[in-house]
Amino acid sequence: MPDRRARAERLRDVFELQLRFAQHMAERTGTPLGQLVLSATNFHRRFGFGDPDRGVSPKWNGYVRELALLRDITERVAWTQDFFATAPDETLPAQQRFFGCFGFEQPDAQGVVRIHFIDTDNDDIGPLHRSKVTRRRSDLAEMVAAIRATCPDAATIRGVSWLYHLEAYRRLFPPDYGASRRPAEPVRLSGMSSWGQFLTHTGAIKPALRDAFLQSFDTMDVTAPWRSFPLPALTVAAPLAVFEAYYAH
Ligand SMILES: CC(C)(COP(=O)(O)OP(=O)(O)OC[C@H]1O[C@@H](n2cnc3c(N)ncnc32)[C@H](O)[C@@H]1OP(=O)(O)O)[C@@H](O)C(=O)NCCC(=O)NCCS
């Protein structure tokens, strides 16, 4: 609990940014704020309730009911911090297996395996720092071997994230995979594939990216708001065999 209170303090600016975005979308579209906070922020996951597309927690309603009664952004941010501080810890998604910072989902009907990145390092050095390249590549090599061993139908690895804008991230993967990047359409905003870009590895906000995003609100296309993020999520894919060959060296 004291730890979650400390994290709630660190995440204050990120909560505020997401609430400002949801409020702006609510005003522009006439959609209730509670609905937008569910679909267009990552709070449901942050509160430890998991992916909202897999079911909305009954406890979520208590959060949005109170949120709707509050008058301004300051009160809404404070309430979000309080709710977060007493919420259960986030757990890794049960349907994914993790290897260091990387996880994968079971293949879909076309043999496509979706991968994910979460900072699971418990130290002061960012997980993408150059000193950790070897460690991250060995996470990936282990994950690729596990995909081959446990998913006979797996054929392709796919990612969707803002992270593919970064050379510091792409350098961990086979060059063909990074080179395949193109804008993702549409992008779900209830996870980290867009929101993750505003965070440093300590959980603090990146002010320049936040300010660029806030300035884009007035010209935002509310039917495709993911395009207004400073680093819009990119989609990438490459055959599993390309990964195996790359990490075999
Ligand atoms: C990914 C994350 C750890 C990056 O945090 P960070 O404090 O910026 O970075 P790290 O210290 O790990 O990495 C630093 C490297 O990334 C580069 N980098 C990070 N953000 C960058 C940006 N916006 N533009 C360019 N380069 C960037 C740095 O230049 C550095 O590269 P270098 O080692 O070659 O100098 C942080 O954003 C995070 O935890 N996000 C949430 C998780 C997430 O987004 N997951 C995506 C799920 S789809």
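Note that ligands are numbered from 1 as they come in the structure, with each ligand's atoms numbered from 1 the same way. Quick note: numbers below take in every heavy atom, side chains included, and nothing from hydrogens, waters or symmetry partners. None of the values given here were measured: they were computed from a predicted structure.
For atom 2 (C) of ligand 1, the choice among Asp119, Leu199, Thr202 with the nearest heavy atom turns out to be Leu199. Nearest-heavy-atom check against atom 14 (C) of ligand 1 across Ile125, Leu128, Asp121 picks out Leu128.
In the vicinity of His129, heavy-atom distances shorter than 4.0 Å reach the ligand 1 atoms 12 (O), 13 (O). Annotation for ligand 1: atoms under 4.0 Å from non-hydrogen atoms of Leu163 are 1 (C), 45 (N), 46 (C). Within ligand 1, the atoms closer than 4.0 Å to a non-hydrogen atom of Phe117 are 45 (N), 46 (C), 47 (C), numbered from 1 in the order shown.
Atom 42 (C) of ligand 1 has as its closest protein heavy atom Met192 CE, 4.1 Å. Annotation: atom 31 (O) of ligand 1 to nearest protein heavy atom, Ala168 CB, 3.4 Å. Here the protein heavy atom with the shortest distance to atom 8 (O) of ligand 1 is Lys206 NZ, 2.8 Å. The protein atom (non-hydrogen) at minimum distance from atom 40 (N) of ligand 1 is Gly196 O, 3.4 Å. Atom 11 (O) of ligand 1 has its closest protein heavy atom at Gly126 CA, 3.3 Å. Scanning all protein heavy atoms for the shortest distance to atom 43 (C) of ligand 1 gives Trp162 NE1, 3.9 Å. The shortest contact between atom 9 (O) of ligand 1 and any protein heavy atom is with His201 ND1, 4.3 Å.
Under the 3.5 Å distance criterion, the side-chain polar atoms of Arg76 are left unmatched by any main-chain donor or acceptor of Arg71. The backbone N or O of Val77 sits nowhere less than 3.5 Å from a side-chain atom of Glu16 that would complete a donor-acceptor pair.
For atom 29 (O) of ligand 1, no protein heavy-atom neighbour is present inside the 4.0 Å cut-off.
Every N/O-N/O distance between Ser161 and ligand 1 stays at or above 3.5 Å. At least one N or O atom of Pro127, backbone or side chain, sits closer than 3.5 Å to an N or O atom of ligand 1. In terms of polar-atom proximity, Arg171 is counted as a contact of ligand 1, with an N or O under 3.5 Å from an N or O of the ligand. Below 3.5 Å of separation, one finds no N or O of Gln197 facing any N or O of ligand 1.
Under the 4.0 angstrom criterion for non-hydrogen atoms, Arg130 is in contact with ligand 1.
Counting heavy atoms closer than 4.0 Å to ligand 1, residue Leu166 contributes side-chain atoms (C-beta onward) but none from N, CA, C or O. For Tyr169, no heavy-atom contact with ligand 1 is shorter than 4.0 Å.
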